[in-house]
Student: 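My questions all concern the structure below.
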Amino acid sequence: MANSEKDAGEMVCPACGSREIVFDEERGEYVCEKCGLVNEEPVIDPGPEWRHFNSDQRQRRSRTGEPAKVRLPDKGLSTIIDRELRDSSGRKNPHMQRLRTWDNRIKASSSRERNFQQAFQELEVLASKLQLPEPAKERAAAIYRKAYEKGIVRGRGIESVLGAAVFAACKETRHPRTAREIAEALNMPDENEILRAYRVLQRKLGLNQRPTEPSDHLPRFASKLNVSEDVEAKAQEIIEKAKEKGITVGKGPAGIAAAALYIACILEGERRTQREIAEVAKVTEVTIRNRYKEICEALGIDLHP
DNA sequence: CTTTAGACGAAGTATTA
DNA sequence: TAATAATTCGTCTAAAG
């Protein structure tokens, strides 16, 4: 630990166990190439495989002292107090009913805790990979809790419900992420599982979900493209005008934001290629072309004077 | 060689009967 | 539930820079 080597070979990602960890000079952070985990501290051979990501969480989590490795209920030892209400001597014991109740309560609450612990560990990794802002993370945790209490997690798997909770939370806090991005970050093959769980959340939890606006995407896209404030403001202006013209209804918000950004870049003389923008917006160049043609037409903008 | 423009069919979605 | 209309995407061709 005394050795503050930035040699990636020595380090193991606490989340996925990969050794492909690089030091990001710009941010001063360690980043796992495999799962994208960002960690400010040097991570050198953590030994145990359970996870913590900063001192705050280590403190919060070490409370139980229970390695995540042991996932069997009651550490594999399960005590059953049967319905006959006999005690260990085989006699009927009127107190056994109460014991049984408590036994069940304790088991239920501890399995709930285990579920949350695992879910929130995964949430940390996910939030790190997706660069989620703190409010979105908090909201996702809250939604997941509610979902668990409603019994939505059973039979659906932690990952799909967690993914759906993150998806919903991002939407709500106006930092939208696609279901695909989330699925990818979770190493899930198909995003539909997340979307299915998301629909269930919507129905059973009554989430106040507004449709995603194109401008919700602007800050993230703009920062990834390293464009100036002026360009971002210009893009915002373009989006508003386009909305007034009514050409945005029924179109994908990301495509509109991407096109507005593309136009704004050219107008402000900070040119980016369609390819670059398509990359960060997760849409194709074709979509950008269609949208930006429509917008130019509707707003009377001529990019080739 | 890279970027942009446009056409086509495939796939998934929303709307309507 | 089935048919339909609109949207997005991937691929391909071609022109422009």
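Naming: A, B, ... by sequence-line order, numbering from 1 per chain.
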Student: If you compare every side-chain N and O of A:R272 against the phosphate oxygens of B:dT3 (OP1, OP2), does one of them come in below 4.0 Å?
Tutor: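 Checking B:dT3 against A:R272, no side-chain N or O comes under 4.0 Å of OP1 or OP2.
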Student: Would you say A:K293 reaches B:dG6's phosphate, i.e. side-chain N/O to OP1/OP2 under 4.0 Å?
Tutor: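 For A:K293, the contact criterion (side-chain N or O under 4.0 Å from OP1 or OP2 of B:dG6) is met.
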Student: To the nearest angstrom, how far is A:E279 atom CD from C:dG10 atom C1'?
Tutor: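 Taking CD of A:E279 and C1' of C:dG10, I get 16 Å after rounding.
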Student: Whole angstroms only, please: what is the CG-C1' distance between A:N290 and B:dA5?
Tutor: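 Spelled out: CG on A:N290 to C1' on B:dA5 is 10 Å.
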Student: Checking all strands, does A:G250 fall into the base, sugar-phosphate, or nothing category for heavy-atom contacts under 4.0 angstrom?
Tutor: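 Result for A:G250 = sugar-phosphate.
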Student: Answer yes or no: is there a donor N or O on one side and an acceptor on the other, between the side chain of A:N290 and the main chain of A:T287, under 3.5 Å?
Tutor: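 Answer holds: no.
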Student: Determine: side-chain N/O of A:Q274 to OP1/OP2 of B:dA5, distance under 4.0 Å, yes or no.
Tutor: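 Checking A:Q274 against B:dA5: at least one side-chain N or O falls below 4.0 Å of OP1 or OP2.
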Student: Side chain of A:Y262: nearest nucleotide among B:dT4, C:dC9, C:dT8?
Tutor: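 Taking heavy atoms from C-beta onward, the closest nucleotide is B:dT4.
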Student: Which sits closer to the 5' end of DNA chain B, A:V286 or A:R275, going by the nucleotide each is nearest to?
Tutor: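 Closer to the 5' end of DNA chain B: A:R275.
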Student: Of the candidate nucleotides C:dC9, C:dT8, B:dT4, which contains the atom at the shortest distance from the side chain of A:E285?
Tutor: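 Nearest nucleotide to the side chain: B:dT4.
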Student: Whole-Å distance between B:dG6 C1' and A:E297 CD?
Tutor: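 That distance rounds to 14 Å.
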Student: Do A:R145 and A:F116 form a cation-pi contact, if we require the NZ or CZ to be under 6.0 Å from the six-membered ring centre and within 45 degrees of the ring's axis?
Tutor: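 The answer is yes, since A:R145 meets both limits relative to A:F116.
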Student: OP1 or OP2 of C:dG17 less than 4.0 angstrom from a side-chain nitrogen or oxygen of A:R271, does that happen here?
Tutor: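 Looking at the OP1 and OP2 atoms of C:dG17, neither is under 4.0 Å from any side-chain N or O of A:R271.
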Student: Between P on B:dT13 and CD on A:E191, what's the gap in Å once rounded to a whole number?
Tutor: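 Interatomic distance, CD of A:E191 to P of B:dT13: 9 Å.
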Student: How close or far is atom P of B:dG12 from atom CZ of A:R199, stated in whole angstroms?
Tutor: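 Interatomic distance, CZ of A:R199 to P of B:dG12: 13 Å.
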Student: Is there a Watson-Crick or G-U wobble partner for B:dT13 with both distances under 3.5 Å, and if so, which one is it?
Tutor: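 Per the H-bond distance test, C:dA5.
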Student: Whole Å only: how far is the CD1 atom of A:I288 from the P atom of B:dT3?
Tutor: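 A:I288 atom CD1 is separated from B:dT3 atom P by 13 Å.
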Student: How long is the line joining CD1 of A:I266 and P of B:dT3, in whole Å?
Tutor: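 Roughly 13 Å, once rounded to whole Å.
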Student: Over all heavy atoms of both residues, which pair between A:C296 and A:I263 is shortest? Give the atoms and the distance, please.
Tutor: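 Heavy atoms of A:C296 and A:I263 come nearest at SG-CD1, 4.0 Å.
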Student: Should A:E134 and A:K137 count as an ion pair when the cut-off is N to O under 4.0 Å?
Tutor: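 Answer for the salt bridge query: yes.
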Student: For DNA chain C, whose closest nucleotide is more 5', that of A:E294 or that of A:R289?
Tutor: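 Whichever sits nearer the 5' end wins; that is A:E294.
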Student: Round to a whole Å and report the spacing from CD1 of A:I277 to C1' of B:dT4.
Tutor: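 Those two atoms, CD1 and C1', are 13 Å apart.
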Student: Which residue, A:T284 or A:V249, contacts DNA chain C at a nucleotide closer to its 5' end, judged by nearest heavy atom?
Tutor: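 Nearer the 5' end of the strand: A:V249.
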Student: Could you check whether A:Q117 and A:E113, counting side-chain N and O atoms only, form a donor-acceptor pair closer than 3.5 Å?
Tutor: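 A:E113 vs A:Q117: no donor-acceptor pair found between side chains.
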Student: OP1, OP2 of B:dT4 versus side-chain N and O of A:Y292: anything below 4.0 Å?
Tutor: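 So the side-chain polar atoms of A:Y292 never come under 4.0 Å of the phosphate oxygens OP1 or OP2 of B:dT4.
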